[in-house]
Amino acid sequence: MAKDFPTRAENYAQWYNDLVIKADLAENSAVRGCMVIKPYGYAIWEKMQATLDKKFKETGHMNAYFPLFIPKSFFSREASHVEGFAKECAVVTHYRLKGAPDGNGVVVDEEAKLEEELIIRPTSETIIWDTYRNWIQSYRDLPLLINQWANVVRWEMRTRLFLRTAEFLWQEGHTAHATSQEAIEETQKILDIYADFAENWMAVPVLKGYKSPNERFAGAVDTYCIEALMQDGKALQAGTSHFLGQNFAKAFDVKFLNQNNTLDYVWATSWGVSTRLVGGLIMAHSDDHGLVIPPKLAPVQVVIIPIYKKPEQLVQISEKAHLIKSALEKKGISVKFDERDSFTPGWKFNEYEFKGVPVRLAIGPRDLENGTVEVARRDTLEKSVYQITDIENKVVNLLENIQENLFQKALSFRENNTHQVDTWDEFVETIENKAGFVLAHWDGTTETEQKIKEETKATIRVIQTDTRPEPGKCVYSGKPSKQRVVFARAY
RNA sequence: CGGGGUAUAGCGCAGCCCGGCUAGCGCACCUGGUUUGGGACCAGGGGGUCGUAGGUUCGAAUCCUACUACCCCGACCA
């Protein structure tokens, strides 16, 4: 180890930037805070996309695509929605350039001013609901279950790699239903998909529940969410699913005739996860040796590295490696055989550890003689020697084992960093010095929540729906409370 | 927008206070050779309008002025 690495992944931005993912925030001021994701990082996102897309389709959703530009007037229609997003919108005002009078480059052609400015979508509710008006007439048109994979732009004052970038990639689902009940069920169904994905693919345990009014999506009646805990003790909102009531239907006049031949507004949901998940994945599992990618999302699950002195040896090793590679591929495992001669084995070992490849196989002359292969697992960094017989099943088991181990590790981290507190002193002390999730009673008022935020920077991350109610007294005001809620400092 | 910092090769930096010959180092890159079971070594080589504009000076990376950009902290962040 000749290089300096950030200790305990405390500077995550450095991981992203310098080591493996190579996601730079664009430096050009014109696209400040937008993300440049290099191929390896993007491959992780593609795996996430593929997995989620399949789940959405299995539950009856279809993909569609709507415009990047939203007429400004659309935003004015839903009052709290415009309030929530107005401060972070990029605006298109002109549609043409012309040669600069001084001959240097181009300038905006003032004559090509748009009559109405266009907003680059920060989210697509408005333009989608404007379209839905024409798509929905009767209860027979419902439910309308649509998802969109797209980019959105939110001109944040301050950006953080992956976690809050000015432009990001996401999916946004927008559904319309005949009844309130059905829309709420949809919201919860999606939340379950998100939670399942986080826990069983990303190996990141999450808390499920809903947001306090203060943290709610602009324009929603209820916002459900999953919250994860990062290794530095800060919370990360990993996905949200909103019950929008009839707010958008009323704002965009989307009515349908029900079976009784009466007109009613439709009920709506919207839900999304973004490239923030890539950041969350990294921050949940990485260690001092680099990324740790759970097997189910790893672009490369197994890497094979040859060790040899003479070219003849490489020929023999390659033969063996290709046999193993195709045996593993038949089991659906993605395998890379790195036979580049320009890097030493030691260099490659480190390289793939950075990249978080779950399993590494090394084959050298010794293994050729003994019919063995050296197997190293990324999560524990343990090395062992396997007989090559039946190697594909051994590796399949190992990958499953690693996936499970990562989840358990993250789960016990969360358990060790979840604290139940009953007094204000305890609360402040825990937030300041221990970080993590803090379970405390809250009187249910926005006022108290904001006071707590001002004094400690902690916010209510989630009000869990899958825990038992427990009466108590608000940790801040002393007023009665029905259940504990989850506080934390968040990204 | 407030407070602090930075800008020199693809990346990371030194040089600046106290102006001076051809602007230097590490990594990376290229060529040749020896290497290869945990980031190899030797030799040679390529790459810079020192953020931009102006000023002072015989002479500016270095001093002065303005501008621009980026980073950290804060405000902001469904």
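Worth knowing before you read on, the calculation uses all heavy atoms, side chains too, and leaves out hydrogens, waters and symmetry mates. Each chain gets a letter, A, B and so on, in the order the sequences are listed, and its residues count up from 1.
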Asks: Salt-bridged, R489(A) to E432(A), with N to O below 4.0 Å?
Replies: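 Looking at R489(A) and E432(A), the cut-off is met.
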Asks: Quote, to the nearest angstrom, the C1' distance that separates U57(B) from G19(B).
Replies: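 Approximately 9 Å lies between the C1' atom of U57(B) and that of G19(B).
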Asks: What contact category does P365(A) fall into here, base, sugar-phosphate, or nothing, at under 4.0 angstrom with non-hydrogen atoms?
Replies: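 The residue P365(A) makes base contact.
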Asks: Please give the distance between the P atoms of G46(B) and C30(B) as a whole number of Å.
Replies: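 So the two P atoms sit 15 Å from each other.
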Asks: For K310(A), which contact category applies under a 4.0 Å heavy-atom criterion: base, sugar-phosphate, or nothing?
Replies: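 No contact.
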Asks: For RNA chain B, which ranges pair as stems of 3 or more consecutive Watson-Crick or G-U pairs, with both donor-acceptor distances under 3.5 Å?
Replies: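 Stem list for RNA chain B: B:1-7 with B:68-74, B:10-13 with B:24-27, B:29-34 with B:40-45, B:51-55 with B:63-67.
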Asks: Taking atom C1' in both U8(B) and G44(B), what distance in whole Å separates the two?
Replies: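 U8(B) and G44(B) have their C1' atoms separated by 26 Å.
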Asks: Looking at G37(B), does its base get a donor-acceptor pair with the side chain of K348(A) below 3.5 Å?
Replies: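 Result: no qualifying N/O pair found.
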Asks: Tell me which nucleotide among G39(B), C77(B), G38(B) gets nearest to the side chain of F354(A).
Replies: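 Of the options given, the side chain of F354(A) lies nearest G39(B).
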Asks: If I pick the P atom on C11(B) and the same atom on G2(B), what distance separates them, to the nearest angstrom?
Replies: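 So the two P atoms sit 30 Å from each other.
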Asks: C1' atom, G47(B) versus C64(B): distance in rounded Å?
Replies: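 After rounding to an integer number of Å, I get 33 Å for this pair.
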Asks: Testing H174(A), K55(A), Q171(A), E186(A) for side chain to side chain donor-acceptor pair (under 3.5 Å) with H61(A), which one passes?
Replies: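 Exactly one candidate clears the test, E186(A).
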Asks: Just one of R377(A), R360(A), K348(A), K383(A) clears the salt bridge (Lys or Arg N to Asp or Glu O under 4.0 Å) bar with E353(A), so which one?
Replies: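 Only one option passes, and that is R360(A).
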Asks: Specify the residue among K453(A) and I363(A) whose closest nucleotide of RNA chain B lies further upstream toward the 5′ end.
Replies: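 The 5'-side residue here is I363(A).
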Asks: Regarding G364(A), tell me which of base, sugar-phosphate or nothing describes its non-hydrogen contacts under 4.0 Å with the strands shown.
Replies: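 If one applies the 4.0 Å heavy-atom cut-off, G364(A) turns out to touch a base.
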Asks: Say we look at A53(B) and C72(B): how far apart would their C1' atoms be, to the nearest angstrom?
Replies: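 That atom pair is separated by 28 Å.
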Asks: For E374(A), which contact category applies under a 4.0 Å heavy-atom criterion: base, sugar-phosphate, or nothing?
Replies: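 Here E374(A) touches the bases of the nucleic acid.
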Asks: What integer number of Å spans the P atoms of U56(B) and A9(B)?
Replies: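 Those two atoms are separated by 28 Å.
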Asks: Please classify the nucleic acid contact of R360(A) as base, sugar-phosphate, or nothing, using heavy-atom distances under 4.0 Å.
Replies: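 Result for R360(A) = base.
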Asks: C1' atom, G74(B) versus C13(B): distance in rounded Å?
Replies: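 Taking atom C1' in both G74(B) and C13(B), they lie 29 Å apart.
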Asks: For F343(A) and for K87(A), locate the closest nucleotide of RNA chain B by heavy-atom distance; then report the residue assigned to the nucleotide nearer the 5' terminus.
Replies: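 Looking at the nearest nucleotide for each, F343(A) comes out on the 5' side.
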Asks: How about R461(A) and E215(A): do any of their side-chain heavy atoms sit closer than 4.5 Å?
Replies: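 They are in side-chain contact.
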